[in-house]
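Notes follow once the structure below has been shown.
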Amino acid sequence: MSQTIASAPGKLMLLGEHAVVYGHACLVTAVNLRMRVALAPRSDDTVRIQSATLSEPFAAPVAGLRGPVQEVPEAVRFVVGALQQFWDETGTRTGFDIETASQFTHAYGLGSSAAVTVATLQALAGATDHALAPADIFRLGYAAVLDVQSGIGSGFDVAAVTYGGTLYYAGRGAEIVPLTGEPLPLVVGYSGSKAQTTALVRQVAKLRQENPEAMDASMQHVHDLMKEAEEAILCKDYARLGKMLDVNQAWLDALSVSTPALDTLIHTARQAGAYGAKLSGAGGGDCMIALVNAQTRPQVELAITQAGVPGAEVLSVETSAPGVRLEA
Ligand code: PMV
């Protein structure tokens with residue numbers, strides 16, 4: 001049986017993290033580092049999954065994969081979650097050989113979980129006669145991610161890797177608006193350590209439980225900021241957008257989700273002439289982003305590499321990349 005290959009991009013949160021978990025808006029962009037999933041239907045009911053993160057291939061009968069996805073090894077949970085959604089959606093129960101390969105390490109926080117989930121769904125649709133529209137891929141992908149992450153996640157990452165480009169995302173997927181397919185002038189700095197997203201989401205949930213009114217009011221401000229940021233992106237007013245990055249970072253700082261390493265890189269980037277800078281994603285590690293222009297880009301990149309943050313590096317990525325697709 002011939003192989004079907006699908007690929008999905010990574011993602012970067014631009015603005016609105018944490019508030020988006022409560023249905024508020026965020027802006028997210030797809031990046032040009034991709035996750036590839038190669039898949040071939042089998043004549044028996046075995047599922048075999050291979051990836052660089054597994055010391056040996058994972059294999060199990062379909063019947064053994066119908067239970068809670070937490071029962072399978074962590075390294076294959078998102079692929080198995082996607083398979084479960086596909087089997088339920090199509091009423092099929094066939095086995096597959098599946099191989100995943102990524103152009104980026106999951107340590108960067110660029111959305112490898114969402115990318116592998118969505119690329120698996122696209123490959124499954126491509127390899128069988130069950131067509132899935134992008135809206136179906138988003139719906140099934142988001143359900144799979146929620147299963148794996150015990151209900152935690154706004155779905156912004158699933159939307160980004162499904163649709164690609166730069167998006168306005170709100171209402172846990174009720175509003176997904178494409179803003180641009182053109183790259184944004186961003187510098188992306190990795191802070192040298194990996195974030196624990198679910199722990200940070202729980203930390204913010206606790207804060208909200210303790211101060212419901214103040215938190216809801218401040219999240220509404222973040223939501224309003226997204227409307228302004230959307231406008232700034234549409235008219236390419238990056239100086240204005242940069243200010244919004246700084247305002248959003250001040251709020252994230254108040255939630256205590258930033259780290260000294262992220263703070264150092266953010267301040268360094270601003271001092272080196274960036275229009276604005278903030279963390280990207282849950283905080284607690286992963287990446288920061290800075291908005292620049294052609295003149296300030298080299299000095300901001302240099303400043304990040306020379307900031308003295310252990311393990312920090314500038315990632316070479318382009319934004320507004322295409323969403324999930326079948327490869328030749
Ligand atoms: O850590 P990341 O890059 O997966 O981003 C998490 C963003 C949150 O808003 C904190 C969580 C979510 O699911 O939206």
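In each ligand, atom 1 is the first atom listed, and ligand 1 is the first ligand listed.
What you find for Arg34 and Phe104 is that their closest heavy atoms are C-CE2, 3.9 Å. Nearest heavy-atom pair across Cys26 and Phe156 is SG-CB, 3.7 Å.
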For ligand 1, what N or O to protein N or O distances fall under 3.5 Å?
| residue | atom | partner | partner atom | Å |
| --- | --- | --- | --- | --- |
| ligand 1 | 1 (O) | Thr197 | OG1 | 2.8 |
| ligand 1 | 1 (O) | Ala282 | N | 3.1 |
| ligand 1 | 3 (O) | Lys11 | NZ | 2.8 |
| ligand 1 | 5 (O) | Ala282 | N | 3.4 |
| ligand 1 | 9 (O) | His18 | N | 2.9 |
| ligand 1 | 13 (O) | Ser154 | N | 2.9 |
| ligand 1 | 13 (O) | Ser154 | OG | 3.4 |
| ligand 1 | 14 (O) | Ser154 | OG | 2.6 |

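Lys227 and Glu231 are not joined by a salt bridge, as no carboxylate oxygen comes within less than 4.0 angstrom of a charged side-chain nitrogen.
For the 3.5 Å distance criterion, the side chains of Ser51 and Thr53 qualify, holding a donor opposite an acceptor.
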**Study point:** Trace of the ring pair (Phe, Tyr, Trp, His ring centres under 6.0 Å) decision for Tyr190 with Tyr108
**Key:** CA-CA 7 Å; Tyr190 176 58; Tyr108 291 153; 4.9 Å; yes
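Checked against salt bridge (Lys or Arg N to Asp or Glu O under 4.0 Å), Glu99 has no partners two or more places apart in sequence or in another chain.
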